[in-house]
Peer 1: 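Below you will find the structure I want to go over with you.
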There are 2 protein chains.
Amino acid sequence: MPKPGPGLRLIDVAQRAGVSLATASRALAGREGVSEEVANRVRQVSAELGYVANPYARTLAGGSSSTVGLIVHQVDDPYFSEIAGGVIQLAGEQGLLVQICHSGRDPEHELRQIRNLIAQRVGIIIVAGSGYGDPRVEAEARTVLAGYQRGGGRVAVIGRHALGADAVLPDNEAGGRALGTHLLELGHRRIALVAGTPELNTVIDRMAGVAAALRSAGLSLDDMPIVHTDFVREGGRTATERILRDHPDTTAIIALNDAMAMGVLAVLREREIPVPDRMSVVGFDDVSVAGDLSPSLTTIRLPMTDMGRMALELALKPQSTRPRRRSTGQQLIVRNSTGPAPF
Amino acid sequence: MPKPGPGLRLIDVAQRAGVSLATASRALAGREGVSEEVANRVRQVSAELGYVANPYARTLAGGSSSTVGLIVHQVDDPYFSEIAGGVIQLAGEQGLLVQICHSGRDPEHELRQIRNLIAQRVGIIIVAGSGYGDPRVEAEARTVLAGYQRGGGRVAVIGRHALGADAVLPDNEAGGRALGTHLLELGHRRIALVAGTPELNTVIDRMAGVAAALRSAGLSLDDMPIVHTDFVREGGRTATERILRDHPDTTAIIALNDAMAMGVLAVLREREIPVPDRMSVVGFDDVSVAGDLSPSLTTIRLPMTDMGRMALELALKPQSTRPRRRSTGQQLIVRNSTGPAPF
DNA sequence: TTGAAAGCGCTAACAT
DNA sequence: ATGTTAGCGCTTTCAA
């Protein structure tokens, strides 16, 4: 609908520079086959005129698309909004535009979004958010992305290993272990796990870390109550209610992300169960509000903004023969939601 | 770079359906000039084949671009991430893609982003975030957007009136008044204002509301300490420190957004100043964590997600002769950060 | 090193 | 109601 905006076309630049369309194109794209002198003149004229290529024409003609597609569960979930912030930041520096869409943590819907982005001919796709334990669920996405990559598209994923693409991997297992160790050191033995739905890889990995920590202390995760609910705040609420009802002697709750931890804290506050005096609570992610909660939350810090940047960085490099992997590191942040076991 | 993805073109659909390119185009676009019967057949075939139009070709040929550009201060600021969530939600329902970029609350940078989006030929531009009191600062953006709209582009803004476009306007003044009234009713008389930078319209409007409430009680904002700092969490911290130092007898602090309120609460917590017993605190926006803070925050609720949806709704309607305006409503949410004045 | 010309896949006049 | 055709602005062979 919008008419030619600036209305400035490459041919205008070419004419002013006294060269042909082809030469102008080559000069601006920095391709070779143009003398330095002519190339400079063209670039100069282009800058003076404030010329910006029409991306539709460019892409249609076979040039590469300068937009990156980003799929997140929900942008208004702080974990994802921080990742998105990182992607947008770096994209801005590189002159790229970012298209964001929601997967709603639904593999079907996610697949649809991936297809959509491919149909939109974005040049880069970044998929953020946990993968699914069941490989069949992701098989199709993997296939589609493989085709896309074969066609020259670049893909990077955050927090999933099974997609055959460059990956930024949060240290979920190490983080889980750090949380478990922290609580054990405080003397807790009756620890409940507020976990997201068990199909999520993130949940599986974080649980494995906790299990490892328990094992080192001669304990087993199998003896602890584990409640699987949605991987969001409300899930944390539900799970906590169930734990308080079925395992009233629990002294510590591990929530596998900060969103769930917020739900946990909310229920404990309503029931007037003192944290950490009667119940310790830990989260995972260290979203930016974690330190402002009531009480401030002990959690594992993941560098979400950097993870977004890293993913785009990977995608910006030429494709490698084998998928690259970058792990993020993690750090235990002890705040006021954890204390010694009451008994 | 990415090759034809599915490689499916409109002509393929047309052939399979046994019609011409033009007919297929008309049928899929829902334009008239095609018999119901043929149109259905084409749509059927298209669906079966999983055809998705190449948006670059479509836009280049003069069709309307199906992407909407959204400019926010920062996506990882909850206020904006919720707005973005609303926009993306509705966009998804409409089959549109959303390109997000950051303005960084810098008018120059914002202007650059607007230009960029126009150059990218997006069909719709949504600008979220406060405008600037000084009309000159926005004059250029206004001009650029006017040109864009003349060319058929659609624009909607959130939280600013001076851009000559359809606008979603938060009830900042009414909200400010509600906050002032609430504190006055609790008996507070020494109220300090933690305000964002005074160039922001949002700040000006919210302050005006507070001033009105005070006036109704025979008081004046001029007699209260007002500290202008950055409109973010850190600004709230700085301002609070200054207030505690210079006006130790203050009994209530009005922060003009929740981010600042979080900074206020953080400082009070560190100084062990009891909230609300010694100091009441209110915020503005009701970001989703407001209820989980320590203590939970009394604030003004704005329907951010809906505001995002509303903005896109406005932009989806054909342009009207005069800019449309929708106000959002607001609601005082009383939580645990406010209580009776201690003296 | 440079230019001319053939598309990329679609929409929109213009014919029929 | 349907088909034909001329572009949209660019990249990229292919010639010169």
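Model, not experiment: these values are computed from the prediction. Within every chain, numbering begins at 1; the chains are lettered A, B, ... in the order of the sequence lines, protein sequences first and strands thereafter.
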Peer 1: Can you measure B:Asn54 atom CG to D:dC10 atom P for me and round it to whole angstrom units?
Peer 2: 16 Å

Peer 1: Looking for any heavy atom pair under 4.0 Å, which part of the strands does B:Ala29 touch: base, sugar-phosphate only, or nothing?
Peer 2: nothing

Peer 1: Without decimals, in angstroms, what is the distance between A:Arg26 CZ and C:dG3 P?
Peer 2: 8 Å

Peer 1: Please evaluate residues A:Arg160 and A:Tyr132 with respect to the criterion side chain to side chain contact (heavy atoms under 4.5 Å, CB included), reporting the C-alpha separation (whole Å), side-chain torsions for both, the decisive distance (0.1 Å), and the verdict.
Peer 2: CA-CA 8 Å; A:Arg160 46 212 301 175; A:Tyr132 306 88; 3.8 Å; yes

Peer 1: Without decimals, in angstroms, what is the distance between B:Tyr56 OH and C:dT11 P?
Peer 2: 16 Å

Peer 1: What nucleotide, of D:dC10, D:dA1, D:dT4, holds the atom closest to the side chain of B:Ser35?
Peer 2: D:dA1

Peer 1: Please give, in whole Å, the distance from D:dA1 P to B:Glu32 CD?
Peer 2: 8 Å

Peer 1: Using 30° and 60° as the class limits, which term best fits the ring planes of B:His73 and B:Phe80: parallel, tilted or perpendicular?
Peer 2: perpendicular

Peer 1: Nearest-Å distance, CG (A:Leu10) to P (C:dA5)?
Peer 2: 17 Å

Peer 1: Does the base of D:dG9 carry an N or O that pairs as donor and acceptor with the side chain of B:Arg121 under 3.5 Å?
Peer 2: no

Peer 1: Of all the choices, D:dT11, C:dG9, D:dG9, which nucleotide is nearest to the side chain of A:Leu21 once you look at every atom?
Peer 2: D:dT11

Peer 1: So which of B:Ile71, B:Leu70, B:Leu117 actually passes side chain to side chain contact (heavy atoms under 4.5 Å, CB included) with B:Gln99?
Peer 2: B:Leu117

Peer 1: Pair A:Glu48, A:Gln44 - check side-chain hydrogen bond (donor to acceptor under 3.5 Å, both in side chains), show working.
Peer 2: CA-CA 6 Å; A:Glu48 274 169 13; A:Gln44 168 100 17; 3.1 Å; yes

Peer 1: Using only side-chain N and O atoms of A:Arg31, determine if any of them is under 4.0 Å from OP1 or OP2 of D:dT12.
Peer 2: yes

Peer 1: Would you please confirm or rule out a distance under 4.0 Å between OP1 or OP2 of D:dT11 and any side-chain N or O of A:Ser25?
Peer 2: yes

Peer 1: Atom CG of A:Leu49 and atom C1' of D:dG9: how far apart are they, to the nearest Å?
Peer 2: 16 Å

Peer 1: Consider the side chain of A:Thr23, meaning its heavy atoms from C-beta on, and name the nucleotide among C:dT2, D:dT11, D:dT2 that approaches it most closely.
Peer 2: C:dT2

Peer 1: Can you identify which nucleotide, out of C:dA4, D:dC10, C:dA13, has its nearest atom closest to the A:Ala61 side chain?
Peer 2: D:dC10

Peer 1: Among D:dC10, C:dT11, D:dC8, which nucleotide has an atom closest to any side-chain atom of B:Leu60?
Peer 2: D:dC8

Peer 1: B:Val38 has a side chain; which of D:dT2, C:dG9, D:dG3 sits nearest to it?
Peer 2: D:dT2

Peer 1: Counting side-chain heavy atoms from CB outward, which of C:dG3, C:dT11, D:dC10 is closest to B:Arg58?
Peer 2: C:dT11

Peer 1: With no hydrogens and no angle check, do the side chains of A:Arg31 and A:Ser25 hold a donor and an acceptor under 3.5 Å apart?
Peer 2: yes

Peer 1: Answer yes or no: does a side-chain N or O of B:Tyr51 lie under 4.0 Å from OP1 or OP2 of C:dC10?
Peer 2: yes

Peer 1: To the nearest angstrom, how far is B:Arg9 atom CZ from C:dG7 atom C1'?
Peer 2: 12 Å

